[in-house]
Amino acid sequence: MFPLFLTKTPPVLVSPASMSVTYVRRCLHSRTPRRFLHTANPSPTSAPNLFSDPIFKSKVEELISKQHWYNLKELIKPINPSSFLELLLESGFDSSSILGFFRWSKVYHPLENLFKLLVLLVNDKKYPKVRSLLHDFVKNGKTHSVSSVFHTLLTCSDNFCANSIIVDMLVLAYVNNGKLDLALEGFRRAGDYGFKLSVFSCKPMLKGVVKEGKFEVGENVYKEMIRRRIWVDLYTFNVVINGLCKAAKLNKARDVMDDMKVRGIMPNVVTYNTLIDGYCKRGGDGKMYKADALLREMVEQGVSPNERTYNILIDGFCKDDNVGAAVKVFKEMQLQGMRMDVVTFNSLIYGLFGDGKVDEALGLRAEMIHLGLEPNIRTYNVMINGFSKMKMFGEAKELFNDIVKQGLDLNVLTFNTVIDAHSKAGKMEEAVALRDQMLRKLICPNISTYNCLLGGYYRDGNVGAAKELLEEMEEKSVKADLVTYNIRIDAMCKREESRKAVRLLDEMSEKRLFPSHVTYNTLMAGYCQEGNTKAAVTIRKRMEKEGKQPNVVTYNVLIKGFCQKDKLEEANALLNEMLERGLAPNRITYDIIREEMIDKGFVPDIDGHLYKDIVNC
DNA sequence: TTAGGGTTAG
């Protein structure tokens, strides 16, 4: 569309190409230009070069520079705007004037002309204008394939530098307009066309890729940047390291940190914090030792930890069931005069509740208020969850009611927490009523909400209600996740339908859901409960084939299974296998050994210290 | 410009 030029005029009376020159010249030399009937469909390339007339050229220059668009419109009325733009591009006009006309005309110009204008702007180093033009092109323009865009650019210009800058800014425009796939395609194909991109576009693209959880893609982009010798700056390295940490590729993340040093870029506090957080969350066995070692390393390297470093460690220790260590870090923060924030307190309150230290958790909340820190919705969610787990439902309800009074907004996690508490307490009617309440508040239930309810129905033995809920999920297009399947598998196993539960693994595979340790351990527990230890061992083999090594729960399940079949020697062998693998027995292992072995007169052949611990426990 | 906290499953 070309709203400023299209008029509801009668049909063509003359050919615009021949008429327009005469007309325009007449207009220029007469005071009052007369109205002109122009073509409804002028040929885009038919306009002769009007700018050979210096008077006309200077008039156009004047009108554009003064932004007298109405007069310009009258002057060039018979000429197709695209043709006029082409004339401007070919007639040595300055880039700003051409851009002025381009923007004012509000018409879809052929891609070639856009790129010719962009090259002119790049040559004049008017980069913000290039960025803005490309942004509009991506946002409002027709969708062109990346290859057609690149091909057109090559036909318009052989200036390697200018072309590369344009493509760089185009990729950035794709990212900024949420078209990450096009940005990635642009990045990949740029090499084929000989365009060199820069960190200017690669960094936001990587950021977007990591944010969307496409860690593998991010890793490949980084490798390709190195291969194409694209300069990588500190921030981009940090984005790459963050992506690798989130994908649990911690060794690779470390390699990248070493690589950046080789390239003369020293890791900063963000680099170390990212890695420390990676180890805290996904570092496997001894993860907190590794995190602590990194903390020492950063200090040795002259990088000072900040508040966030300590927050990461506090959270890590709390999640590792080591609140004592978390409290030490907290006290260290106090000693160093560091400013603690709501995150510090939320993490520690979470840890204290998990350790059953309700009074200390409450004391901490009082301390945070004393320091002028307002508890936020996460503080409430942590505390409601903590109280619920301690079966202190009165306190949990009081806090739930307090949230709105404090002017905070309830969110889906608040509801999921209370729905789960009710479902675990066997109060399914209340749980469903809470779900209705959240709907009235326009808070959309998510898959976790459904999982909480589903678990509740199965615990109640209400298979019918659970089935209806699964159908409702289907109707509402709420996709089942790994937890949904684990809940269903657990319910089937508890009904002694383990063989049927195993078939759900195929359904999961169709939905590209990968079974976890929980999935396999649940199935093993099901078979053991049915007395079928042979089938349980088959599941273990299947799990190992999938690259998952047995964990403490796996051993606990199997050891208990063998004990209950009176296969105590085999149970003892499993126990020693677990110890040889460096897996520490937990309280449940202790209970099994005591109740299923020692109390039944069997003396397990294990390390003497461990035996003593178990007996004294 | 890059880094931290809350729900559901064994």
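Reminder, nothing fancy here: chain letters follow the sequence lines and each chain counts from 1.
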*Distance check: side-chain N/O of Lys494(A) vs OP1/OP2 of dA9(B), anything under 4.0 Å?*
no
*Got a donor-acceptor contact below 3.5 angstrom from the Asp277(A) side chain to the Cys280(A) backbone?*
no
*Any side-chain N or O of Lys203(A) less than 4.0 Å from the OP1 or OP2 oxygen of dT2(B)?*
no
*Are the aromatic ring centres of Tyr289(A) and Tyr279(A) under 6.0 angstrom apart?*
no
*asked:* dA3(B), OP1 or OP2 - any side-chain N/O from Asn242(A) closer than 4.0 Å?
replied: yes
*asked:* Distance alone, cut at 3.5 Å: any donor-acceptor contact between the side chains of Asn385(A) and Thr417(A)?
replied: no
_No-H, no-angle donor-acceptor pair, Asn416(A) side chain to dG6(B) base, under 3.5 Å_ = no
*Could you tell me whether Lys246(A) contacts a base, only the sugar-phosphate backbone, or nothing, with contacts defined as non-hydrogen atoms closer than 4.0 Å?*
sugar-phosphate
_Looking at Lys424(A), I'd like to know whether one of its side-chain N or O atoms comes within less than 4.0 Å of OP1 or OP2 on dA9(B)._
yes
*Which part of the nucleic acid, if any, lies within reach of Asn376(A) when heavy atoms closer than 4.0 Å are counted: base, sugar-phosphate only, or nothing?*
base
*Is it the case that Glu332(A) and Gln336(A) place a side-chain donor and acceptor less than 3.5 Å from each other?*
yes
*Kindly indicate, with the supporting measurements, whether the criterion ring pair (Phe, Tyr, Trp, His ring centres under 6.0 Å) is fulfilled by Tyr380(A) and Phe400(A).*
CA-CA 8 Å; Tyr380(A) 277 94; Phe400(A) 183 74; over 10 Å; no
*asked:* Taking the six-membered ring for Trp, are Phe345(A) and Phe330(A) closer than 6.0 Å centroid to centroid?
replied: yes
*DNA chain B contacts among residues 276-285 of chain A, heavy-atom distance under 4.0 Å*: Asp277(A), Lys281(A)
*Taking OP1 and OP2 of dA3(B), is either one under 4.0 Å from a side-chain nitrogen or oxygen of Tyr310(A)?*
no
*Is any N or O donor-acceptor pair between the side chain of Ser448(A) and the base of dT8(B) shorter than 3.5 Å?*
yes
